[in-house]
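Quick note on labels: first sequence line is chain A, next is B, and so on, each numbered from 1.
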Amino acid sequence: MPELPADHAPALPEATDFIREIVNADILSGKYRMGDIRTRFPPEPNGYLHIGHAKALYIDFGIARDYHGKCNLRMDDTNPSKEDVEYVEAIKDDVRWLGFEWDGDVRYASDYFEQMYDYAVMMIEKGLAYVDDQTADEIAATRGTLTEPGQESPYRNRSVAENLDLFARMRAGEFPNGARVLRAKIDMASPNIHMRDPVLYRILHIPHHRTGDAWCIYPMYDWAHGLEDSIEGITHSLCTLEFEIHRPLYDWLLAPLPVHKPQQIEFSRLNLTYTVMSKRRLLRLVQENRVSGWDDPRMPTLCGMRRRGYTPTAIHAFLKCVGVTKYNAITDVALLESCLRDELNKVTPRYLAVLNPLKLVITNYPEGQTEWLEAINNPEDPDAGTRKIPFGRELYIEQDDFRETPPPKYHRLSPGQEVRLRWAGIVTCQEVVKNQDGTIAEIRCTLDRDNTDRRVKGTIHWVDAKHAVNAEVRLYDRLFNKEIPDAVAEGEDFIDNLNPDSLQVLTSCKVEPALAELASEDKVQFERLGYFCADRFDHQPGKPVFNRTVSLKDTWAKIEQKGSKENAAEAKPASATKPQADADGAGLISMDDFSKLQLKAARVLAAERIPNTDKLLKLTVDCGEQRQIVAGIALHYQPEDLVGKTIIIVNNLQPAVLGGVESQGMLLAAKRKKELRILTVDGEIPPGASVG
RNA sequence: UGCCCGAUGGUGUAAUGGUAGCACAACUGAUUCUGGAUCAGUUUGUCUUGGUUCGAAUCCAGGUCGGGCAGCCA
């Protein structure tokens, strides 16, 4: 953290967000000077930090840094029933890993319990707090509702002396859990429910991980948090939006006390597509063994991301892009991945590794010979230098890089075709040798090393068979299938949206020898495949284990996907959402993103002609729900032919009116010459199932 | 139904009464011994209705939509 120059005040930083605008205003008005600014990061030690916390960290520490101030790390440990030392160490590790340095020692809310108690006594003396003997249920029942005011407790107007006595005895342990609470005396009719005499202290005969048995009453968040901030001299207490409604209480509780008054400012928390972020859900993933633990590389926890191969630099870059607002945003994980790739592209050395090996024999290369070829380590970084990689007659290439019958635009190996071997020359496929079961045993090629400067469409990676090191590689993909995993039908929950293919473990990968020498957590690029890191725990030199951090952008996958979609589109929807479709029903329907189409199986319950039309049929189908679909197929199908059949429909189109009847979807049909065929499903697919 | 907060391309975010910009995503093209990277370009936006003003994304009012709040959790 830059030190404050002694002789002159540093220039005010540019206000890049609304919080910094407030801080700037406070400095301009003379409320604070640069260097006075103090923030804090106050996690409750009851879980692991995730990328959402990283946003808060980035704001808290970032503002302190910008204003030459300080940021505290404070464990908000006011509830011994939920918290544990285990988490304290993990939190410190994660904060340090991200590169943030807190001021002084780690602080603990529990260190302030005595002061908080004294201030509570002061509140009682001022007539602003009272001991309530009601049960938790009674307090809940008399709190009122969102629209109705609450009722005052019968104990609300006890004398100060009695309150003081009772509160002291609460502390002394005279009462069991739940017998009494200390409440603020505010307004039971307040439209803000948090102002309806909130509980300040509860009795909890539970030992605390730091204070042991010293206390049996513990402060509630609202009472504790403002005091913690105040005691530490926090100037700007930054938190997430859900605390907005607590702010009047935060201010009310500090107002009568002779203490420093921090300002609470709220920003929106981070949400990511294809990700769940709440502690509760993450805990469930761990407890139900949907992942291997808090540090599973698919988890959005900081320790998980670290194990996945994320770098602090990439996370900072991402957080900078995300910004600071009060808008409830859902950020595309693609942005995170983009920041990651951007960083890894610059810093990682390149290596050759084959994930799914296919043997390739170079028939015009001598048996038993090995050459060491020079390869560039990082084309983005000339300082990274070069290395030598072994080359011989037998190599492994990627199964994906050979096709017996290549699809259009395929730039890789296929019979009779040539392709460049990275760093080694150009090979032409002469022969495909097969096993008895018809699978490919090996590819036989001839190598051209003389005329290698010419343009060749494709370049593929390879590993010399003799020197290859066996490796385990774990391919990680997003944990959830759905952009918003929590958006589910009734009776389902986010678990139903887990991606069953989020982890693929490959154990017979072949990698170049240098990769066996890597240290844990080293980050590399496997050329043409992606960025990988040596697993933090399982990797050993000589017995390498790699995690795929993120794949390279894959233009070919896009082309291929588009190609197969176009093929599928031959079976194009036969009815039309656009009334201007021509008389053959051959009008084109365009869609910006074909992959957004939802295809579902649907059972035809009823079918009838639509009067005054010659081509239109109205189908009533069960696709999980009952819908009616209008299709221009009456010339080809009789209504009775269709009833009971299972067809495929496009489920997520805007309803369109055809022949005066609303169509809530389209059916899939193929037209070849004059024949029109509806796609039907013969297997046992239940209505409503997603297909394709 | 009460109170609080929010709304700018598909996504995130600037513009603070004066040319709606940037990044991601998507799509073209150039280039390339990574279908990577790089470079050039294209598409797409101020929730709505009024008002104030020479001028409104910005200020005001009504509406719409979204989020939050009824723990002795934080």
Represent RNA chain B in dot-bracket notation, 5' to 3'. Only Watson-Crick or G-U wobble pairs with both distances under 3.5 Å count; pseudoknot-style crossings use [ ] and interstrand partners use |. .((((((..((((....[..)))).(((((.......)))))....(((((..]....))))))))))).....
Regarding [X], tell me which of base, sugar-phosphate or nothing describes its non-hydrogen contacts under 4.0 Å with the strands shown.
| X | value |
| --- | --- |
| Tyr221(A) | base |
| His225(A) | nothing |
| Glu398(A) | nothing |
| Thr145(A) | base |
| Thr147(A) | base |
| Glu527(A) | base |
| Asn192(A) | nothing |
| Phe18(A) | nothing |
| Arg341(A) | nothing |
| Lys562(A) | sugar-phosphate |
| Arg350(A) | base |
| Ile203(A) | nothing |
| Gln525(A) | base |
| Arg420(A) | base |

[X] side chain N/O closer than 4.0 Å to the phosphate oxygens (OP1, OP2) of [N]?
| X | N | answer |
| --- | --- | --- |
| Lys553(A) | A37(B) | yes |
| Ser81(A) | C73(B) | no |
| Arg422(A) | G36(B) | no |
| Arg202(A) | G71(B) | no |
| Lys320(A) | U13(B) | no |
| Thr331(A) | C24(B) | no |

From the set [options], return the single nucleotide nearest to any side-chain atom of [X].
| X | options | result |
| --- | --- | --- |
| Arg528(A) | G68(B), U34(B), G71(B) | U34(B) |
| Thr325(A) | U13(B), C72(B), A37(B) | U13(B) |
| Thr78(A) | C24(B), A74(B), C33(B) | A74(B) |
| Arg455(A) | C73(B), U13(B), U32(B) | U32(B) |
| Ala329(A) | G12(B), G35(B), A25(B) | G12(B) |
| Ile245(A) | G35(B), C72(B), C3(B) | C3(B) |
| Lys326(A) | A74(B), G6(B), G35(B) | G6(B) |
| Glu242(A) | U34(B), G68(B), C27(B) | G68(B) |
| Leu552(A) | C73(B), A70(B), G36(B) | G36(B) |
| Glu44(A) | C24(B), G6(B), A74(B) | A74(B) |

Taking the six-membered ring for Trp, are Phe526(A) and Phe532(A) parallel (under 30°), tilted (30 to 60°) or perpendicular (over 60°)?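 Answer is parallel, since the angle falls under 30°.
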Looking only at side chains, do [X] and [Y] share a donor and an acceptor under 3.5 Å apart?
| X | Y | value |
| --- | --- | --- |
| His209(A) | Asp84(A) | no |
| Asp60(A) | Thr39(A) | no |
| Asp76(A) | His225(A) | yes |
| Ser110(A) | Asp77(A) | yes |

Strictly distance-based, threshold 3.5 Å: is any side-chain N or O of Arg247(A) a donor or acceptor partner for the main-chain N or O of Ile265(A)?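 A pair under 3.5 Å: no.
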Any donor-acceptor pair under 3.5 Å from Asn177(A) side chain to His205(A) backbone: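 Judged by distance alone, yes, a pair lies under 3.5 Å.
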Does Arg180(A) count as lying over the ring of Phe175(A), i.e. NZ or CZ under 6.0 Å from the six-ring centre, within 45 degrees of the axis?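 Checked: cation-pi criterion met.
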Check this for me: does the side-chain of Glu380(A) come within 3.5 Å of the base of G36(B) through a donor and an acceptor?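 Side chain to base: pair found, below 3.5 Å.
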For this output row, return yes or no: ring centroids of Tyr410(A) and Trp556(A) closer than 6.0 angstrom.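 Judged by ring-centre distance (under 6.0 Å), Tyr410(A) and Trp556(A) do meet the cut-off.
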Quick check: Tyr274(A) with Phe480(A) (ring centres under 6.0 Å apart)?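 Between Tyr274(A) and Phe480(A), which both carry aromatic rings, the centre distance is not below 6.0 Å.
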Residue met sooner reading RNA chain B from 5', once Glu244(A) and Ser338(A) are mapped to nucleotides: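 Result: Glu244(A).
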